[in-house]
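Shown next, in structure tokens, is the structure this report addresses.
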Amino acid sequence: MSRRVPFLPWVLSALTFFVSFFLGALAVDPLPVYRAVQEKRLFLSGARREVFAADDGTSLSAFVLGPLSAERPVVLLHGLGADATYWRGAARFLARHGRTVILPDAPGSGHSEPPRDPAGFGLRGRVAAMDAMARALALEKFDFVGHSLGGWTAGWYALEFPWKVSRLVLVDAAGLTLPKDAEAERARVLPRNRAGARRIFDLLFFRKPAPSLGFILDAFGRNYGSGTAAATVARLTEADGLSARLPDLPANTTLIWGERETLFPLAAAREAASKMREARLVVLDGAGHDGPLEVPAAFHAALLAALEP
């Protein structure tokens, strides 16, 4: 006669194993664990993943919530060092308000393969990837929201394909002003050690999403100091800047900016808005560079208002 294994001790042992495994993975590199959780939450919200080809034949990916047949989908493009899951909260919010939402992974980020030619990491490559997505998903016209480097990309996309973009929303966007010293700016955003990782962590967040523990700072250092982030920053040039083209951006563009932004200070946003046609600047109180994560309720309200017809 076989012995029956007690159920409760077995469950407790299994839970202990999985919790230990999860905490171990978190300590080794918390960012992939965090992103995996956010991706799971996207799927639970009804998102699906669309895969399509870039012009160089590499595979690109985007999450979609809602029907692609919608008259005016919303594309939310992440910034440097992030991926599509950055927008999980905003995507769910917009979907609850009846909008179809598309969250692309930029080349080399998330589930999107890196470009075959390293030049594809630059602004032109990112714009080309968004054009490939629009063609693959048959998007005739859409609202384009970009955060940080995603805002820089969205700005150039709107300049090159103005008939495709209905509403343009720039969230703490890069590229609106030219740095006085391009090499110093590269060094500022590419950490080489833990001190540099702490600097980028402080630049990104006024309201910190996690304590500045060593393993968290090391993860930020790896994420922003190498790989796709480093390859992208290495290929940004002064010619990519939007400052000379600000009057050409779509009328009624909305800028959403953190009051405590230090990566791209609020003063630069005010100056940029003054050079744009009928631009509107919305300031998020108590937020730094990452308002969508730091003050989500205020950001969601501002975003919904910016996307109104």
Side-chain angles (χ1 to χ4, degrees), residues 31-54 59-79 81-113 126 129-151 153-154 157-158 161 164-173 209 254 256 290-309:
L31 294 181
V33 175
Y34 171 79
R35 288 169 177 167
V37 171
Q38 299 308 309
E39 187 172 313
K40 187 67 174 178
R41 295 177 75 181
L42 275 172
F43 283 129
L44 291 173
S45 300
R48 62 190 184 278
R49 195 158 72 87
E50 299 280 350
V51 180
F52 50 95
S59 176
L60 299 175
S61 172
F63 291 101
V64 179
L65 287 84
L68 286 171
S69 58
E71 181 180 355
R72 198 163 48 99
V74 184
V75 174
L76 305 178
L77 182 59
H78 64 85
D83 62 17
T85 61
Y86 178 87
W87 292 110
R88 194 268 313 166
R92 293 179 64 196
F93 173 81
L94 291 174
R96 287 197 299 270
H97 283 78
R99 299 300 301 267
T100 289
V101 188
I102 302 170
L103 312 176
D105 284 320
S109 302
H111 293 284
S112 289
E113 293 179 342
R126 291 171 67 92
M130 295 302 99
D131 181 44
M133 178 196 70
R135 286 184 274 117
L137 302 184
L139 304 181
E140 294 184 1
K141 202 173 187 68
F142 56 91
D143 293 339
F144 206 165
V145 181
H147 173 251
S148 196
L149 184 63
T153 306
Y157 186 91
F161 303 95
K164 290 268 190 181
V165 177
S166 180
R167 291 285 183 180
L168 178 64
V169 182
L170 306 177
V171 183
D172 295 277
T254 299
I256 303 179
D290 284 278
L293 304 182
E294 296 179 57
V295 289
F299 173 76
H300 295 162
L303 180 60
L304 193 63
L307 295 176
E308 289 178 351

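In what follows, residues are counted from 1 in the order of the sequence shown.
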For the student: nearest non-hydrogen atoms of A84 and F63, plus distance: CB-CD1, 3.8 Å
L307 side, atom CG; S166 side, atom OG - distance, nearest 0.5 Å: 9.0 Å
Nearest atoms (heavy-atom pairs only) where T100 meets A70: OG1-CB, 3.4 Å
Straight-line distance of R41 CZ to R92 CZ, nearest 0.5 Å: 5.5 Å
Heavy-atom check, side chain of F299 versus side chain of V171, under 4.5 Å: yes
Inter-residue atom distance T153.OG1 - R126.CZ, 0.5 Å rounding: 4.0 Å
Validation row: V169, V74 side chains within 4.5 angstrom (heavy atoms): no
Donor-acceptor under 3.5 Å (R48 side chain, G66 main chain): yes
Closest non-hydrogen atom pair, P73 against I102: CB-CD1, 4.1 Å
Test side chain to side chain contact (heavy atoms under 4.5 Å, CB included) applied to V101 and L42, L94, D143, V145, the passing residue: L94
Geometric class of the Y86/H147 ring pair [parallel <30°, tilted 30-60°, perpendicular >60°]: parallel
A129 versus P107, closest heavy-atom pair with distance: CB-CG, 3.6 Å
Side-chain (D83) to main-chain (S109) donor-acceptor, under 3.5 angstrom: no
CZ on F144 to CG on L139, rounded to 0.5 Å: 10.5 Å
4.5 Å side-chain heavy-atom contact, M130 and F161: no
All side chain to side chain contact (heavy atoms under 4.5 Å, CB included) counterparts of P296, not counting sequence neighbours: H300
4.5 Å side-chain heavy-atom contact, P104 and L60: no
Closest non-hydrogen atom pair, A106 against S112: O-CB, 3.4 Å
Whether R99 side chain and R72 backbone form a donor-acceptor pair below 3.5 Å: yes
Donor-acceptor side-chain pairing of R35 and T85 below 3.5 angstrom: no
Heavy atoms from other residues, nucleotides or ligands near NZ of K40 exceed 12 (cutoff 6.0 Å): no
Pairwise side-chain contact, L293 with P209, heavy-atom cut-off 4.5 Å (strictly under): no
Any side-chain heavy-atom pair of M133 and E50 under 4.5 Å: no
Rounded distance [0.5 Å steps], CG in L77 versus CG in D105: 9.5 Å
Nearest atoms (heavy-atom pairs only) where F52 meets A136: CB-CB, 3.5 Å
Aromatic contact, F142 with Y157 (centres under 6.0 Å): yes
S59 side chain to E113 backbone, donor-acceptor under 3.5 Å: no
